[in-house]
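To keep things clear, I will list the structure first and then write my remarks on it.
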Amino acid sequence: MSFITKTSLMGASFGALLCALPLTAFAQAETLAAADAPTEVVVTGQRLQNANAISQQKEATAVTNVISADDLGKLPDANAADALARVPGVNVVVNQETGEGEYVAIRGFGGTFNSYSMNGVRVALTDSDSRRMSMTVLPPNGLKAISVSKTLTPDMDGDAIGGAVNFVTPNAFDFRKDTVRVFASYGINDRAEGQGEKDGNAQIQIDGSHRFENGKWGVFGSINYGKSNYHNEETENDGEWEPYKFRLNSEEAIDEKSMYLPGIDLDYRRGSQERYGGNFSIDYHGDDTQLYLRGQYSKLNRVGTNDYTDERSRPTARLTQVNIDDTSLLQPEQMITGTGAKGNTYGYTTSQIVDTDGDGFITDADRTSSNSYWSLYGRSGVWDPKAFQFARSFQNQDQVSDLMTLNAGGITHADALTLEYDLSYSYGEKGSDGNFGIGYNCDKCDTDPMFTSTGILWSSFDPRFPLAQLPAYAANVDHRDDLLPFDGAYFDKDRQSDARTALKLDATYQMTGLIDHIKAGFKYTKSERKYDYTPLWDGNVDGTPLEDSTLASSGLVERQIEGIDHGTYYYGSILSRSAVENAIRAAMATNPSTFSQADLDSDDKHGTETITAAYALADMRFNDLQVLAGIRVEHTAVENTAWAEDEDNGNNSGFLTYKKGYNNVLPSVTAVWRPDSRFVYRGALWTSFSRPEYGNISQGVSIGRDPTTHEIISVSRGNPDLKPAQAVNLDLSAEYYPDASSMVSITYFQKVIHDFIFTNGSSVSANTQEGTIEYSQPKNGQKATISGVELNVIKSFEGLGAPFDGFGVEFNVTSQNSEAETGLDYRKGRPIPFIQSPDLNYNAALTYQKYGFEAKLAYQYQGAYIEDLRDNAVDKWVQPNKSLDLHTRYNFSKQLAVDFDAQNILDGHRYYTTKGKSPSYQKDYMEPGRNFIVRLAYSY
């Protein structure tokens, strides 16, 4: 409680009062409008599914949002992450390769701060360094619902500062009668079609339920298969934007308002994704006991490629100032006094410029290997690139992912005592059996005047699409494959997995009087994670056709692409996947690679995490007020093994194992007031935590030595002593339910976190000096806070007069503010928003249902947020994302319906990032095109 200030509590209370006033006014208006309405309204179709989801939210103790099965099929979402983005307070993090959602953030907290379950079973996580769940493997098919709990009670896992996501599959008792359903769809992607790539996508799902033996036993099963082709085009900043004036290192402050672009990549991605799997549930509902056996399996097989070009200025050797901080020196072009055997002679003195060759004069021979974009290596230097490069590269982007869960358990009632028990197993795996790539690069042509006479300046009339400004003699370099010599190739593979076993037991004892019931429980979880990286070939092409080839003579080019990004760029050659793979395998056969055991082991790691938890709570009733109070205790034991590398003395390298344990005590109190059947008020003061990322607590060590003396000069390692981030959370909400398929809710939330750790690709390094050795390892950040308001409205006008009776509206908006100190010394006093935390998200939809026709036109807005921390405190920002989607359905009968969906109607970007918050400094811009889908649903 000490973490929540008096001012914050007053603000929250005032927010709750503001919640109640409009809801009361809405209730009065609803009563007047209903005076002439029919006494009974039959809810069907999409409104029935809304009603089911609303009912679950209304009856929940925690602040919860539910996506129903029908909602999961109402919009063309590729996977569960895209579906979750329509929930208040949830935003999606996009996979840059496919344009699909992959991770979700809840209330400003990235994926690692949330928990993920399937039917209450914590699912396996297959990111080797992270605790976030990649949802690319999980299609929305075959699910009953997805629930997002934004407050926790003691009977829930406590490691979810943001929230808890639970995917729920159906069982036979969810259906009134035996049922068989078939769903089939086919669609196209217009961007792929326009480029002559494969553009189709198709899905089929079949499920059925049956009850037997007097209805006590039930079986449900579902299978699904889908194959989709994707294509996207991206402009991508190659390297960081740089300031006009020389910067010495990555930590000093720079002028964000005057930055220059080194260069860009153009990416041309194409591929296909197969998803298949299913789920089942076997249930027994007896008089006193209910039993179940549930299973789920999902598989993703992606086969993709990325052709990318690289056109950018190249750093070159510069004269170095004796006094780096001197800003008074003239530019080299202004100081030329003559030319000779050593190139230009300059009028600088040896007290101004380092005399590298010691001849007492400053000439071009004194240019050092300190490659730079600036005219001088020092504070007098300004942006002045002198050379450029052009390259074409190709790589595959294959991925195979599996996720399965299996759990058995039940509920037994014995008078006032109820026992709930569950034994579960979840396994996930992700990787590729062959990662390969090849590159052709004119940077090897370092004596060709075409590439050594000028750098590149860029025009940015449209900041999404910077255009190179080159002299006429170099303007058509992107048409000249004969200028690109072979630059390298590689082949390797990787695999990562997580196996989780859990056992839990809960006991509830029903009482009379003030305490309605007490509940206590125990849970044991063990997670075993492995990561294996294997190099297969070191890139040696001696004696093969690749050795002296240019791209023009390589035989690898498939065809020419005239234009990408709406015809803004000429693209040129794309490579044949089969030709590249065959050439690499032939080179591997000619020059097989031999790797040491250290080479094979150095990136491998494995570990276990064992969690033992217990809790107790009391549920108290004061007429219409429910108060649930209790405490949860979790003990975490970690054992990780990782490679510790000594770069100079290989005999000192090897695997290191460390063990660590810690406890978290998590009290909480939740109150729910239900004054009548239409209003629900909730308040919760609760605690939670998030464990450190796996990659940050690894004991792996990398040692750097002086190349001359071989003395140790740096040590980089993980930090097993990182503390979990701990949060105190406050939630206040008011909800109004005017009818079965409508609701209005408003929620205020605040979180205060100590020992906050920046994650999802960004960690805070603690650099310390001991003598001449610099130690670098992740460390805990400092205090962080987030607060916000969520508004959610679902309103159908059924029961009103025509033409309004067919319409409905859905709207939710989340406004939040976050602030955290990074823990980095050079950023001290300059707090930043949380990573992956937009300040504004909203969804708006217009719905229609009448005469057997259903429609939903949905607009989604996701605000800007920091994706990760970057040099000089100018971070990488994701720009706002907007999407307009349409779903329509016509019900020919109770058994047959046909849908038509359109995704990304506005043909906008899916991923747009910048260096800094300003959209002027493009980092990545990717468009996936539109998808159009026809779907058939049949049931009997």
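Model, not experiment: these values are computed from the prediction.
With sequence neighbours left out, Tyr276 forms a side-chain hydrogen bond (donor to acceptor under 3.5 Å, both in side chains) with no residue at all. Take Ile905 and apply the side chain to side chain contact (heavy atoms under 4.5 Å, CB included) test, not counting sequence neighbours, and it matches Leu857, Leu884, Leu886, Ala902. Residues passing the ring-ring contact (aromatic ring centres under 6.0 Å, His included) test with Phe175, sequence neighbours excluded: Phe220. Residues passing the ring-ring contact (aromatic ring centres under 6.0 Å, His included) test with Phe853: none are found, sequence neighbours excluded. Scored by the side chain to side chain contact (heavy atoms under 4.5 Å, CB included) test, Ser742 finds Pro738, Asp739, Lys795, Ser796 as partners (sequence neighbours excluded). Every residue two or more places apart in sequence or in another chain was checked for a side-chain hydrogen bond (donor to acceptor under 3.5 Å, both in side chains) with Ser149, and none qualifies. The ring-ring contact (aromatic ring centres under 6.0 Å, His included) check on Tyr851 picks up nothing, with sequence neighbours excluded. Residues forming a ring-ring contact (aromatic ring centres under 6.0 Å, His included) with Tyr912 (at least two apart in sequence, or on another chain): His909, Tyr925. Scored by the side chain to side chain contact (heavy atoms under 4.5 Å, CB included) test, Ser401 finds Val137, Leu300, Gln399, Lys430 as partners (sequence neighbours excluded). Partners of Arg930 under the side chain to side chain contact (heavy atoms under 4.5 Å, CB included) rule, at least two apart in sequence or in another chain, are Asp190, Asp907, Phe932.
Applying the salt bridge (charged side-chain N to carboxylate O under 4.0 Å, His left out) test to every pair with at least one member in residues 56-68, sequence neighbours left out, gives no pairs at all. For residues 160-174, every residue pair satisfying the salt bridge (charged side-chain N to carboxylate O under 4.0 Å, His left out) rule, not counting sequence neighbours, is listed here: Lys144-Asp174.
In this structure, the side chains of Tyr865 and Ser818 stay at 4.5 Å or more apart for every pair of heavy atoms.
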